[in-house]
Every structure is written in structure tokens, then in C-alpha cells.
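Notes for the one structure printed next.
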Amino acid sequence: MNASARIALVTGASRGIGRAAAVALAAAGHHMVLVARTVGGLEETDDLVRAAGGSATLVPLDLKDFAALDRLGASLFERWGRLDAFFANAGVLGALSPLAHLDPKLLDELVAVNITANARLIRSLDPLLRASEAGRVLFMSSSVARKPRAFWGGYAMSKAALESLTLTYAAECASTNVRVNLLNPGGTRTAMRAKAMPGEDPSILPTPEDMAPLIVQMLSAGWEKNGELVNYREWQKTD
Ligand code: NDP
């Protein structure tokens, strides 16, 4: 690993948007810390990172294991003493259903993965981000966070809470070197989207690789905006 490389952590790096972002961040010179449950998926991402000339540290864990998130922060501190970029990308959809029929186990998972794990990661990683010359944090939202839609209630309420968490953290970081923002990718060609919209032709959707350059930009030291929601579709029109 290049000694001057920025250190970037991506959750949900085993597939989808997290994988594409990890490869693009590695190509842009970051050493990658890759988090997800599926070891095979992390290894495939690692292969792509290496092919892009980068390096990665694989951290297979379940984001519902909150003690492991505490240990992750401690390990990163021991190894590098800082974290420069944190892409809080992992998320679950749950199931699209009327709220009255929402499976309690899926509701618990939505809260644990989409909300609590991110709050616990902020707690664990905040000292490392503040130790960076330019700590950058990006959380993933969704249109339904602000525009509720029938049958999307569990996922929508989790993303609304995540937006609140993100904007609060951004306000708390305003006078520091840390910048905290939100990305709404819009419908993207991934496993999650296929689960939500099984009848849709995926070829009409942007790919994770299409939006990776925006993610790299929002996690770079040059990105000074704080507490903003960037919509990929709007950025695409102006870029
Ligand atoms: P995918 O379902 O393709 O990937 C989700 C990632 O999250 C996987 O790497 C998965 O890894 C990880 N993950 C899920 N649960 C856990 C867990 N308990 N512990 C650790 N990792 C976990 O999703 P996308 O790439 O489509 O979505 C990425 C983000 O973008 C999400 O936050 C999503 O809500 C958001 N988004 C996506 C849209 C789309 O159209 N695709 C639209 C709007 C927002 P593993 O299973 O290996 O643990």
C-alpha cells in the first residue's frame, strides 16, 4: 500500500453499488477497508480492486453485530490512527408490503442494518475521521425517505431516520475537517432493485459503475459541501 494513500471504508462492499464504489476509490488511490457478510463477494471485490492497481483489507462481519463495529474502530485506530473516507452504503430493503403486514423480523432487521448500525459506526469511527486532514462521510438514502409510497413503509422510515442521523452528524461536524453528506442514487441496476421491481427491465437503469465517479468525488478531500443530499440523476444532468 502507498504510504500516502487515503484510507477508505465501504460497507456493503460484496456487491452492487458498494463494490463499484470500492473499485473506483481504489483506482483513485485509496487503500480500501471492505465490509460485508459474504466472504466470496468480498474476495471478488478484492480481485477487482487489485486489477485496478489498488489494495484492500477485507472485514467480513454482520452489521447487526454491534460489538464488532466497536472492535472495527479500535482495529483501524491501531493500524492507521485515522480514517479518511467512510462510505456507509450497506442497506436492506426488507419486503414491500402493507405496514399492517410487515414481518416483525424484517422490521427489526431494517432498523438494525439501515439505522442502528450506522449510528454505531459513527460512534466507532468518529475519532478516526476527526484525525484525518479531510474526513469524508457519505450515507445512502432513497427518494422514499422524503416521499412516502404505499408498501415501502419499512424501508422508507429507515431511510428517513438515516437522513436525520446524517444531517445531525453533519451539523455536529460543521466546525471540523469532517464533511458528511447524503446520496440518493435513484433506481440502480443491483440485486436490491431487482428484488423491489422484479418486472422491470434492468437495462434501462444506470449501473453502479455509472455512479461510482460521483461517489469518489463526494468522498474526496476537495468536496467541501456538508449536510447536503445529492441526487445522482440531477448530478448526471449537470456533470
Ligand atoms: P445490494 O442489495 O446489491 O447490496 C447491499 C450490500 O449491503 C451488500 O454488499 C450486502 O452484503 C450488504 N449488507 C446487507 N446487510 C448486511 C449486514 N447485515 N451486514 C453487513 N453487510 C450487509 O444493494 P445496492 O447496492 O442496490 O444498495 C446500496 C445502497 O444504496 C443501500 O443502502 C440501498 O438502500 C441504497 N439504494 C439503492 C437503490 C437501488 O436502486 N439499487 C436506490 C436507492 C437507494 P452481504 O449480503 O454480503 O452482507
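Everything numeric in this text was worked out from a predicted model, so none of it was measured. Just so you know, ligand 1 is whichever comes first in the structure, and atom 1 is the first atom listed for that ligand. By convention here, the first residue in the shown sequence is residue 1.
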Exercise. Between the candidates V59, T190, L34, which shows the shortest non-hydrogen contact distance to atom 24 (P) of ligand 1?
Worked result: T190

Exercise. Who gets closest to atom 13 (N) of ligand 1 by heavy atom: A68, A22, S14, A90?
Worked result: A90

N/O to N/O below 3.5 Å, does that happen between [X] and ligand 1?
X: N184; value: no
X: G12; value: yes
X: D62; value: yes
X: R193; value: no
X: V92; value: no
X: G16; value: no

Exercise. Is the closest heavy-atom distance from S141 to ligand 1 below 4.0 Å?
Worked result: yes

Considering heavy atoms of the protein only, find what lies nearest to [atom] and give residue, atom and distance to 0.1 Å.
atom: atom 17 (C) of ligand 1; value: R37 NE, 3.5 Å
atom: atom 31 (C) of ligand 1; value: N89 O, 3.1 Å
atom: atom 47 (O) of ligand 1; value: T38 OG1, 2.5 Å

For this session: Examine the side chains of S143 and N184 and answer whether a donor and an acceptor come within less than 3.5 Å of each other.
Result: yes

Seminar exercise, completed: If we number the atoms of ligand 1 from 1 as shown, the ones under 4.0 Å from a heavy atom of I17 are 25 (O), 30 (O)

